[in-house]
Q: 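Once you've had a glance at the structure underneath, I'll fire off some questions.
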Amino acid sequence: MRFLLKWSAGILALLATGPLLAQATGPSGLAEPKAPPVAAVNTATPTADPSNILNIQLSTGGVVSILLRPDKAPLAAERLKVLAGRHFYDGLTFHRVIEGFMAQGGDPKGTGEGGSDLPDLKAEFNDLPHVRGVMAMARATNPDSANSQFYLMLSPNLTLDLKYTIVGRVFQGMSYVDGITKGEPPANPTRMVRVWIGAPPADPATPPVETAAPAADLAAKLGAPATLATTPAASPAPAAKAPARKK
């Protein structure tokens, strides 16, 4: 009788530990940590408001329209609006463009070391993922060093999430982003002919141009003045860098 009671207790104890063993043992047969639950990511796109749309006319053709997300990165969104209003980006290049990764621009020096005369921005890392078409702020090693440079993702790369401030995403003209000249730097880099805030053009197709000033008829089509400010001079702002490719 005593033997039967001990045997029954052993069976009950083994059944009780079964689920725990099942959770702790992975497919390789070794103990593996249980994956934490994945938090819901808010990727809902807000209503398109012309005051939050950044348009970039490219010298290689086409207008790229980006919906900024001041709800996720208010400081960075405001910085882009201010610099676009000052024509800071007009004539600047995409100086670092890596196939299948990203296109970086917004540096008056064209080397990745320049910025505007405005102070650097505090990091606004958020829950938006680095998917294709995302616009994020480039920075130096210091997380609080973003200034004027930004990059556009050509392909998703989620290893960059929560390391750079995502400020918007392309919703029109992504094919023109794909056409930005590749190189580090490119021999003949794509320029931003004009950058402005406002409603996107009904037809984003524009021909390639050689100069920073659009033709009068093209300016009328884009709702932009034909006379543009010259490319701003290099400023003493601290160096900024784009993310390194990570696999």
Side-chain angles (χ1 to χ4, degrees), residues 45-46 48-70 72-73 76-77 79-107 110 128 130-138 148-157 164-183 185-186 188-215 218-225 228 231 242:
T45 303
D49 180 343
S51 67
N52 288 326
I53 295 176
L54 183 74
N55 302 285
I56 305 174
Q57 183 195 353
L58 300 175
S59 64
T60 42
V63 175
V64 179
S65 297
I66 301 157
L67 179 59
L68 301 179
R69 296 294 300 269
K72 297 291 186 180
R79 173 60 55 86
L80 292 169
K81 292 180 182 180
V82 168
L83 293 180
R86 290 168 52 173
H87 303 292
F88 174 87
Y89 292 114
D90 298 351
L92 300 190
T93 64
F94 284 90
H95 62 273
R96 181 170 177 247
V97 186
I98 302 175
E99 181 75 46
F101 185 34
M102 60 91 220
Q104 180 186 354
D107 176 14
L128 296 177
H130 275 75
V131 295
R132 175 174 159 80
V134 147
M135 180 184 206
M137 302 300 291
S148 67
Q149 294 187 46
F150 61 84
Y151 58 92
L152 302 173
M153 294 300 294
L154 301 175
S155 298
N157 191 324
Y164 296 85
T165 298
I166 292 178
V167 67
R169 188 177 182 186
V170 175
F171 68 93
Q172 178 172 281
M174 190 61 203
S175 61
Y176 304 120
V177 178
D178 292 331
I180 294 175
T181 306
K182 310 298 187 297
N188 185 21
T190 297
R191 291 184 176 276
M192 296 179 241
V193 179
R194 179 164 178 77
V195 179
W196 76 99
I197 296 292
D203 179 6
T206 60
V209 295
E210 297 296 331
T211 66
L218 182 57
K221 172 186 175 183
L222 300 176
L228 301 175
T231 302

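Any value given below was found using the heavy atoms of this structure, including those in side chains, with hydrogens, waters and symmetry copies removed. Along the sequence shown, residues carry numbers from 1.
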Q: Within the 4.5 Å heavy-atom criterion, are I197 and L54 side-chain neighbours or not?
A: yes
Q: Of all the heavy-atom pairs spanning V193 and D90, show the shortest one and how long it is.
A: O-CB, 3.9 Å
Q: Do you know the tightest heavy-atom contact between M174 and M153?
A: CE-O, 3.4 Å
Q: Taking all non-hydrogen atoms of both residues into account, name the closest pair between N52 and P70 and its distance.
A: OD1-CG, 3.6 Å
Q: Within the distance-only criterion (no hydrogens, no angle test), does the side chain of T60 pair as donor or acceptor with the backbone N or O of I180 below 3.5 angstrom?
A: no
Q: Are any of the side-chain heavy atoms of L152 and I66 separated by less than 4.5 Å?
A: yes
Q: Taking the side chain from N157 and the backbone from H130, do they hold a donor-acceptor pair closer than 3.5 Å?
A: no
Q: Does K182 have any side chain to side chain donor-acceptor pair (under 3.5 Å) partners at least two apart in sequence or in another chain, and if so, which?
A: none
Q: Among residues two or more places apart or on two chains, list those pairs meeting salt bridge (charged side-chain N to carboxylate O under 4.0 Å, His left out) that have a residue in residues 168-180.
A: R132-D178
Q: Side-chain contact, heavy-atom cut-off 4.5 Å: V177 with L154?
A: yes
Q: For T93, enumerate each residue passing the side chain to side chain contact (heavy atoms under 4.5 Å, CB included) test, keeping only those at least two apart in sequence or located in another chain.
A: H95, P189, R191
Q: So which heavy atom on T165 is nearest to which on A76, and how close?
A: CG2-CB, 4.2 Å
Q: Side-chain contact test, heavy atoms from C-beta onward, threshold under 4.5 Å: evaluate it for L80 versus V167 and give yes or no.
A: yes
Q: Can you tell me if S65 uses its side chain to pair, donor with acceptor, with the backbone of F171 under 3.5 Å?
A: no
Q: Assign the ring pair F94 / F150 to parallel, tilted or perpendicular, where the plane angle (0 to 90°) is split at 30° and 60°.
A: perpendicular
Q: If you compare all heavy atoms of W196 against all heavy atoms of V63, which two are closest, and at what distance to 0.1 Å?
A: CH2-CG1, 4.0 Å
